[in-house]
Enquirer: 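Have a look at this one before I ask anything.
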Amino acid sequence: MSAEATNPGAPSRRRGRPRIDLRRLGRVALLGPVSRDRLPDAIGHVAEAHRAHHPDADLSILRRAYVLAETSHRGQMRKSGEPYITHPLAVTLILAELGAETTTLTAALLHDTVEDTDVTLDQVRTGFGEEVCFLVDGVTKLEKVDYGAAAEPETFRKMLVSTGNDVRVMSIKLADRLHNMRTLGVMRPEKQERIAKVTRDVLIPLAERLGVQALKTELEDLSFAILHPDEYEHTRALIAADAAAGDPLGVIAENVRTVLREADITAEVLIRPRHFVSVHRAGLKRGELRGTDFGRLLVLVGEDADCYGVLGELHTCFTPVISEFKDFIASPKFNLYQSLHTAVVGPEGEVAEVLIRTHQMHKVAEAGVVALGNPYAQTESAEPAVEGERADPTRPGWLSRLLEWQESTPDPDTFWTSLRADLAEDREITVFRADGGTLGLPAGASCVDAGYAQYGDVAHACIGARVNGRLATLSTVLSDGDTVQLLLAHDSGSGPSPDWLDHARTPAARIAITGWLAAHADDEPPTAAGHPSDPRTAPQGAATTGPGPTAPALPGPVRRGAENAVVDLPDTTVRLAGCCTPVPPDAVTGFVVRGGVVTVHREACPAVGRMQVRGRDPVPVRWLTTGDCRVTLVAESFGRPGLLADLTEAIATAGVAVVSATVEPPTEQRVRHTYTLQLPDAAELPGLMRVMREVPGVYDVSRAQHPATA
């Protein structure tokens with residue numbers, strides 16, 4: 001986990017907060033041996049930060065860990081010219097400031113010894129115990145010489161599996177990445193960008209899910225500076241200009257203090273500056289920023305009840321913005337976060353956002369799972385864990401789901417892609433099972449996702465569902481708090497349709513569906529009652545094409561629009577492939593599958609090449625008429641207010657009906673809109689896509705592509 005030199009252009013860790021001088025720390029680290037009873041000066045800052053959270057901590061193990069780390073790394077230098085020992089020291093200091101307990105700090109000091117020196121895991125186990133050994137092993141990279149290009153995804157897979165047993169593994173990894181991101185400046189620009197992208201796509205979402213906001217926000221700013229230098233510089237200039245323009249939040253904060261003092265509520269009222277990415281997002285959301293948009297008020301109290309007392313006083317003495325109120329105390333976020341959110345109008349009409357929480361909530365909001373200390377100290381009286389597993393009360397539902405589906409993805413590329421997709425979901429919902437259990441799912445999940453989350457591969461036999469007691473299709477999108485009961489077919493021959501992929505948001509569901517479809521590529525199409533599309537039988541004798549083998553007619557599901565895709569085979573059932581959703585006037589080709597059904601693909605579909613490699617002969621097909629058709633389009637855009645309304649208006653003006661529309665959560669200020677549309681004439685599709693691209697903010701419109709399984 002080597003790191004790089006200080007990047008002078010990177011944002012500071014906390015505005016106005018001094019950073020430890022690593023060059024001075026490096027000199028101190030090399031001053032030579034110390035007496036057996038004295039703590040080395042180099043870890044004095046670590047000891048001070050650690051004792052602030054754990055006054056009675058035994059520091060002797062930290063001394064021994066430092067001595068081993070310094071000795072083993074002696075002579076190694078970072079690319080910045082600093083002694084390598086400054087890196088594990090900095091990682092340990094980050095965790096100490098967050099309140100990590102002694103075992104975590106010990107492992108942090110040793111986290112690179114096994115990877116970069118001659119120290120072995122057995123030596124770590126013998127000298128520091130099984131838990132420290134487990135943590136060090138969890139963050140140790142796999143060698144490229146053994147894994148090649150798969151080393152990075154397989155290293156993350158290994159870390160995630162270890163995190164499933166002990167969340168402290170990922171705490172150390174996050175602190176390690178933070179220090180490396182702080183000191184990335186001497187790396188080549190392309191390597192900086194690669195590391196920043198992985199940080200953005202994987203590490204930052206993991207920090208968010210583990211609730212470690214102090215690390216997450218700084219990682220966001222550092223990645224932002226590298227990946228979007230122009231936007232970063234613009235944001236930096238806005239923050240600098242605001243700092244010189246006055247302090248409107250200070251006036252409101254003083255008014256809040258007066259109100260709470262008169263109400264006899266003991267509270268600490270602080271101004272909490274927004275970090276760079278937060279300011280950038282606020283600018284995209286609100287357009288022109290006002291002085292109060294550059295920070296928030298933070299009110300800290302002693303007890304939960306005081307939070308609601310503060311809320312009542314604020315809503316009584318100020319004009320509240322009701323739409324901004326959220327109660328994350330009664331309903332905590334999935335990452336342990338608790339606070340009351342509200343906004344009030346100040347004396348000059350400016351709006352100030354206010355966060356209200358207890359001191360303990362604030363500690364957890366900043367440090368997340370790190371603030372929970374040793375997760376196993378709480379389980380000494382619990383039932384013993386299964387041999388080889390470790391019971392972890394901090395293991396959240398999203399992590400359990402991730403660990404389950406990763407077992408089904410031996411291919412590193414598929415795992416890496418699925419991991420990024422899973423972590424791109426920024427909100428989680430809880431739905432209740434009919435048997436009384438619960439399922440944690442990403443926002444936008446459907447009954448398809450619930451089926452695979454509850455039943456695994458058994459969900460291939462799903463034919464429908466009951467949502468809140470009412471019959472529903474498998475495509476039904478679930479809301480937080482819904483009760484869902486999956487209905488299973490007794491016919492073992494039923495299976496998922498390619499259309500299910502349109503409604504699957506979770507990697508577990510998509511991987512299972514894709515695997516089943518690949519294994520049954522030559523079978524006749526499934527006829528499960530839960531098929532989310534509208535099956536119809538193609539009319540006979542609709543058109544003619546070139547010669548081909550004859551086959552008996554068999555009824556089967558045909559995607560809407562197939563009455564215009566046809567072959568010159570008497571009484572043949574035709575269906576449109578779900579992987580590429582062909583519509584007129586696409587160039588198409590067909591393949592006969594088991595049962596005599598002809599599946600029609602776009603000629604550019606990847607499945608066509610795979611069919612031909614397997615020796616499958618294509619069947620000439622052609623469109624009979626352009627006619628009406630249903631098609632799914634994906635619009636890629638930059639987020640801005642009113643975008644959804646403008647896109648919908650453009651579609652409606654073109655005379656096209658919207659069957660369904662979904663908007664994915666923004667990622668890096670970019671938004672993806674997916675529309676299923678009914679066109680009166682397929683020939684109008686190119687014109688419609690051109691009209692959609694002309695909507696301000698939209699930079700691409702494309703046909704939906706689903707994983708091909710043939």
Side-chain angles (χ1 to χ4, degrees), residues 14-16 208 211 213-214 216-217 220 238-239 242-243 245-333 335-368 371 426-427:
R14 284 284 186 274
R15 277 184 274 160
E208 169 74 14
Q213 294 297 317
K216 178 233 178 188
T217 54
E220 280 188 324
L238 289 176
I239 292 173
D242 173 71
D247 187 16
L249 274 178
V251 176
I252 301 177
E254 190 54 45
N255 291 341
V256 170
R257 292 186 188 102
T258 301
V259 166
L260 298 181
R261 188 165 53 246
E262 292 176 352
D264 200 26
I265 297 177
T266 302
E268 187 178 359
V269 181
L270 306 172
I271 297 176
R272 188 172 177 82
R274 289 181 183 271
H275 64 293
F276 282 67
V277 171
S278 182
V279 171
H280 179 64
R281 288 171 180 159
L284 292 175
K285 177 181 178 181
R286 300 170 189 173
E288 184 177 354
L289 294 176
R290 303 180 64 175
T292 53
D293 292 328
F294 289 87
R296 296 169 173 169
L297 297 186
L298 174 63
V299 182
L300 299 176
V301 295
E303 304 292 338
D304 290 13
D306 294 334
C307 294
Y308 293 97
V310 170
L311 181 71
E313 292 297 326
L314 293 182
H315 283 196
T316 300
C317 300
F318 298 87
T319 301
V321 182
I322 300 300
S323 61
E324 296 292 321
F325 173 67
K326 297 180 181 67
D327 188 345
F328 294 118
I329 295 178
S331 301
K333 289 187 178 182
N335 62 359
L336 309 177
Y337 178 87
Q338 288 184 286
S339 286
L340 295 178
H341 288 204
T342 190
V344 297
V345 180
E348 303 297 325
E350 64 276 34
V351 175
E353 294 185 34
V354 186
L355 310 178
I356 308 168
R357 59 180 72 141
T358 67
H359 290 278
Q360 176 60 23
M361 291 175 191
H362 182 59
K363 179 180 178 182
V364 174
E366 288 290 286
D426 65 352
R427 191 166 67 86

Enquirer: Do R272 and E366 pass the salt bridge (Lys or Arg N to Asp or Glu O under 4.0 Å) test, and can you show the C-alpha distance, the side-chain angles, and the key distance before you say yes or no?
Expert: CA-CA 12 Å; R272 188 172 177 82; E366 288 290 286; 2.3 Å; yes

Enquirer: To the nearest 0.5 Å, what is the distance between CD (E353) and OG1 (T292)?
Expert: 8.5 Å

Enquirer: Could you give me the CA-CA distance, side-chain angles and deciding distance for L314 and V256, then say whether side chain to side chain contact (heavy atoms under 4.5 Å, CB included) is met?
Expert: CA-CA 7 Å; L314 293 182; V256 170; 3.9 Å; yes

Enquirer: Can you find a heavy atom in the side chain of R357 that is under 4.5 Å from one in the side chain of L300?
Expert: yes

Enquirer: Could you walk me through whether E350 and I252 pass side chain to side chain contact (heavy atoms under 4.5 Å, CB included), step by step?
Expert: CA-CA 9 Å; E350 64 276 34; I252 301 177; 3.8 Å; yes

Enquirer: Shortest non-hydrogen contact from Y308 to A330?
Expert: OH-N, 3.7 Å

Enquirer: Nearest 0.5 Å please: distance from the CD atom of E208 over to the OG1 atom of T217.
Expert: 10.0 Å

Enquirer: Heavy atoms only: give me the nearest C317-V259 pair and the separation to one decimal.
Expert: SG-CG1, 3.7 Å

Enquirer: Over all heavy atoms of both residues, which pair between C307 and V301 is shortest? Give the atoms and the distance, please.
Expert: SG-CG2, 3.7 Å

Enquirer: Considering non-hydrogen atoms only, spot the tightest contact between I271 and L297 and give its length.
Expert: CG1-CD2, 4.0 Å

Enquirer: Roughly how far, to the nearest 0.5 Å, is the CG atom of L260 from the CG atom of N255?
Expert: 11.0 Å

Enquirer: For Q338, enumerate each residue passing the side-chain contact (heavy atoms from CB on, under 4.5 Å) test, keeping only those at least two apart in sequence or located in another chain.
Expert: I329, P332, M361

Enquirer: Just wondering, do L355 and H341 contact through their side chains at under 4.5 Å, heavy atoms?
Expert: yes

Enquirer: Considering only NZ, NE, NH1 and NH2 on the basic side and carboxylate oxygens on the acidic side, decide whether E348 and R290 come within less than 4.0 Å.
Expert: no

Enquirer: Supply the atom-to-atom distance T358 OG1 to D304 CG, rounded to the nearest 0.5 angstrom.
Expert: 5.5 Å

Enquirer: Decide side chain to side chain contact (heavy atoms under 4.5 Å, CB included) for H280 and E220; before the verdict, give the C-alpha distance in whole Å, the side-chain angles of both, and the deciding distance to 0.1 Å.
Expert: CA-CA 11 Å; H280 179 64; E220 280 188 324; over 6 Å; no

Enquirer: How would you list, by chain and number, every residue that makes a side-chain contact (heavy atoms from CB on, under 4.5 Å) with D242, sequence neighbours excluded?
Expert: F294

Enquirer: Is E324 close to V351 at the side-chain level, that is, under 4.5 Å between some pair of heavy atoms?
Expert: no

Enquirer: Between V299 and A267, what is the shortest heavy-atom contact and its length?
Expert: CG1-CB, 3.9 Å

Enquirer: Which heavy-atom pair separates D293 from E288 by the least distance, and what is that distance?
Expert: OD2-O, 4.3 Å

Enquirer: If you measure from NZ on K326 to OG1 on T342, what distance do you get to the nearest 0.5 Å?
Expert: 9.5 Å

Enquirer: Just wondering, are more than 12 heavy atoms of other shown residues or ligands nearer than 6.0 Å to CD in E303?
Expert: no

Enquirer: Given side chain to side chain contact (heavy atoms under 4.5 Å, CB included), test H359 with E268 step by step and report yes or no.
Expert: CA-CA 9 Å; H359 290 278; E268 187 178 359; 3.5 Å; yes

